[in-house]
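Chain letters run A, B, ... following the sequence lines, proteins first and then strands; every chain starts at 1.
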There are 2 protein chains.
Amino acid sequence: MKIDPDSSADLSAQIATAIRDEIIAGRLIVDARLPSEAELADHFNVSRPTVREALKRLAAQSLIRTQRGATGGAFVNRISFPEAYAQQITTSTLLLSMNDVSFETACEARFALERSCAALCAHRRSADHLADMRAEVHRQSQLGLTDEAFCASDVTFHRALVDGAGNPVLSYQLAGAVEAMQPLMNMITFSARDRARIVALHVAIADAVEAQDGGAVAAGLTALEVETQTLAARVFAARAAQS
Amino acid sequence: MKIDPDSSADLSAQIATAIRDEIIAGRLIVDARLPSEAELADHFNVSRPTVREALKRLAAQSLIRTQRGATGGAFVNRISFPEAYAQQITTSTLLLSMNDVSFETACEARFALERSCAALCAHRRSADHLADMRAEVHRQSQLGLTDEAFCASDVTFHRALVDGAGNPVLSYQLAGAVEAMQPLMNMITFSARDRARIVALHVAIADAVEAQDGGAVAAGLTALEVETQTLAARVFAARAAQS
DNA sequence: AAAACTGTAATTGTCTGACATTAAAAAAGC
DNA sequence: GCTTTTTTAATGTCAGACAATTACAGTTTT
């Protein structure tokens with residue numbers, strides 16, 4: 001591992017970067033044990049708290065895990081899909097909420113990405129995925145559902161569609177796009193008529209998935225995108241007029 | 001902010017989670033200043049090093065930035081697109097390299113996602129994006145290029161295509177998919193004939209983008225996917241036979 | 001009066017040293 | 001040979017101190 005001269009950056013940041021580079025370059029493989037904190041401190045010529053801060057940075061990115069006890073230490077972590085999902089969702093959500101990304105832009109990206117699953121999902125979907133989609137459609141049709149519950153069910157429906165493509169990498173990438181939209185969707189209040197239209201489109205999509213007609217799935221998603229965009233435009237216009 | 005009982009988890013992890021939740025929920029807005037480390041230590045009833053470890057965890061995710069001096073402290077950071085790109089790429093790259101994701105699966109996901117930009121890029125592409133694509137095609141045609149330089153140019157070409165869609169959220173999501181493939185692509189050695197075929201497909205895609213024909217862009221990407229998959233299959237088969 | 005300088009206070013960055021906690025391995029006892 | 005106890009090595013936490021940095025106010029100089 002490289003050394004850190006007395007540059008302007010934090011020592012802990014430099015050390016974290018040095019170790020991260022080792023992991024990315026493959027010189028530290030999964031489950032390899034890092035030297036103990038005392039050894040690292042000695043190696044980098046810093047104190048143990050500084051090393052610890054560096055290790056915590058890496059732990060925050062799920063790059064390492066730590067274990068106490070005699071044979072404990074810091075180990076290179078095999079980043080799991082669920083962990084990657086979670087990071088992806090957090091980053092995407094904050095990116096959207098902090099950068100004044102318009103609803104249109106986010107919505108366009110989300111549906112563009114989801115359409116990329118249409119053909120694969122139509123081709124590969126299992127009975128389970130289809131059943132999940134039908135179940136969510138049924139849930140959405142119930143009266144007296146809160147807006148938040150409606151949106152949550154919407155997300156579950158779309159995740160079933162994405163997972164139906166049977167490609168974990170695709171599911172991972174889409175997780176951010178679909179979940180990060182939820183806070184934006186929650187800003188909208190859905191009237192009974194709006195919900196009925198959305199549910200009808202969901203039914204059409206589920207039918208297309210069942211028929212394994214990729215083109216129809218994509219068309220259904222496009223129709224849903226148009227519906228969502230016009231609905232959002234109406235809500236935001238009304239809200240702007242009110243204030 | 002909530003307190004942390006003496007549960008089994010690390011105190012610094014609990015504190016980091018508590019603060020992260022405040023940020024995600026919007027109770028701590030961008031550029032808001034967190035209490036000083038001493039105040040946080042007092043509030044959570046822990047020592048300052050523990051608080052610092054928590055803050056470093058958040059800094060590693062670009063959720064906060066710190067500043068020294070009299071009016072310094074920790075501030076909620078507006079996560080920028082470049083920062084989000086970098087995190088996305090790191091996570092995606094490690095996810096692929098550590099989880100035995102097959103080349104086919106990763107490649108399928110990557111091209112499926114990229115096709116989602118085809119129509120938008122064809123519609124919106126600027127002259128700049130087109131020029132970038134042409135420039136990369138020209139670079140790829142040069143003889144004596146190393147495999148790595150060829151792959152790097154390939155990535156730049158595809159990023160120009162993605163950016164041509166004019167949707168920053170889409171560019172962000174695709175960054176991970178496109179860049180994370182590079183290490184996998186670098187495992188392949190491209191013969192002159194292979195390169196010529198790929199360049200020809202790139203030319204076809206650039207032509208389609210210039211003609212603003214979204215369907216042709218998507219078709220070109222599909223052809224490129226087929227070419228890449230068969231090429232990779234041949235390389236891996238040859239390598240397997242050799243050993 | 002304006003500008004340059006200086007000191008002070010607040011805050012993060014780092015170090016030292018210590019103790020608590022944990023969990024595996026070695027040793028002891030039966 | 002098995003169970004129990006002790007040892008040991010590692011992380012987790014704490015307390016206190018000092019260094020480095022920066023804004024601000026007050027002072028001096030021009």
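The shortest heavy-atom contact between A:Leu145 and A:Gln140 is CD2-CA, 4.1 Å. In terms of heavy-atom proximity, A:Arg57 sits nearest to A:Ser12 at NH1-OG, 2.7 Å.
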- Task: Dump the intermediate steps for side-chain contact (heavy atoms from CB on, under 4.5 Å) on B:Leu113 and A:Leu113, then the final yes or no.
- Result: CA-CA 6 Å; B:Leu113 291 170; A:Leu113 292 169; 3.7 Å; yes

- Message: The test is side chain to side chain donor-acceptor pair (under 3.5 Å); show your working for A:Ser62 and A:Gln87 and say whether it passes.
- Response: CA-CA 9 Å; A:Ser62 304; A:Gln87 288 189 218; 3.3 Å; yes

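The separation between B:Asp42 atom CG and C:dT11 atom C1' is 16 Å, rounded to whole Å. Separating the CG atom of A:Leu55 from the P atom of D:dT11 is a distance of 8 Å, rounded to the nearest angstrom. Here D:dA17 presents its P atom at 18 Å from CD of B:Glu37, a figure rounded to the nearest Å. The distance from atom CZ of B:Phe44 to atom P of D:dG12 is 19 Å, rounded to the nearest whole Å. Atom CG of B:Leu40 and atom P of D:dT13 are 16 Å apart (whole Å). Going from atom NZ of B:Lys56 over to atom P of C:dT12 covers 9 Å, rounded to whole Å. Per the geometry, CG belonging to B:Asp10 stands 7 Å off C1' belonging to D:dG12, to the nearest Å. The distance between atom CZ of B:Arg65 and atom P of D:dT22, rounded to the nearest whole Å, is 15 Å.
Taking 4.0 angstrom as the limit, B:Thr71 places none of its side-chain polar atoms (N or O) nearer than this to OP1 or OP2 of C:dT11. B:Ser47 has a side-chain polar atom (N or O) that falls below the 4.0 Å cut-off from OP1 or OP2 of D:dC14. Proximity of B:Thr66 to the phosphate of C:dG13: a side-chain N or O atom is located under 4.0 Å from OP1 or OP2.
Within the 4.0 angstrom heavy-atom criterion, only backbone atoms of the sugar-phosphate kind lie near B:Arg33; the bases stay farther away.
Looking at which nucleotide of DNA chain C each of A:Arg68 and A:Asn45 is closest to, the 5′-most match is held by A:Asn45. Both A:Gly69 and A:Ser12 lie near DNA chain C, and the one whose nearest nucleotide falls closer to the 5' end is A:Ser12.
The base of D:dG12 lies close enough to the side chain of A:Arg48 for a donor and an acceptor atom to sit less than 3.5 Å apart.
Nearest to the side chain of B:Arg52, among D:dG12, C:dT14, C:dT16, sits C:dT14. Which of C:dT16, C:dA10, C:dA24 sits closest to the side chain of B:Ala70 comes down to C:dA10.
In the model, B:Ser171 has a side-chain atom that pairs as donor or acceptor with a side-chain atom of B:Asp163 under 3.5 Å.
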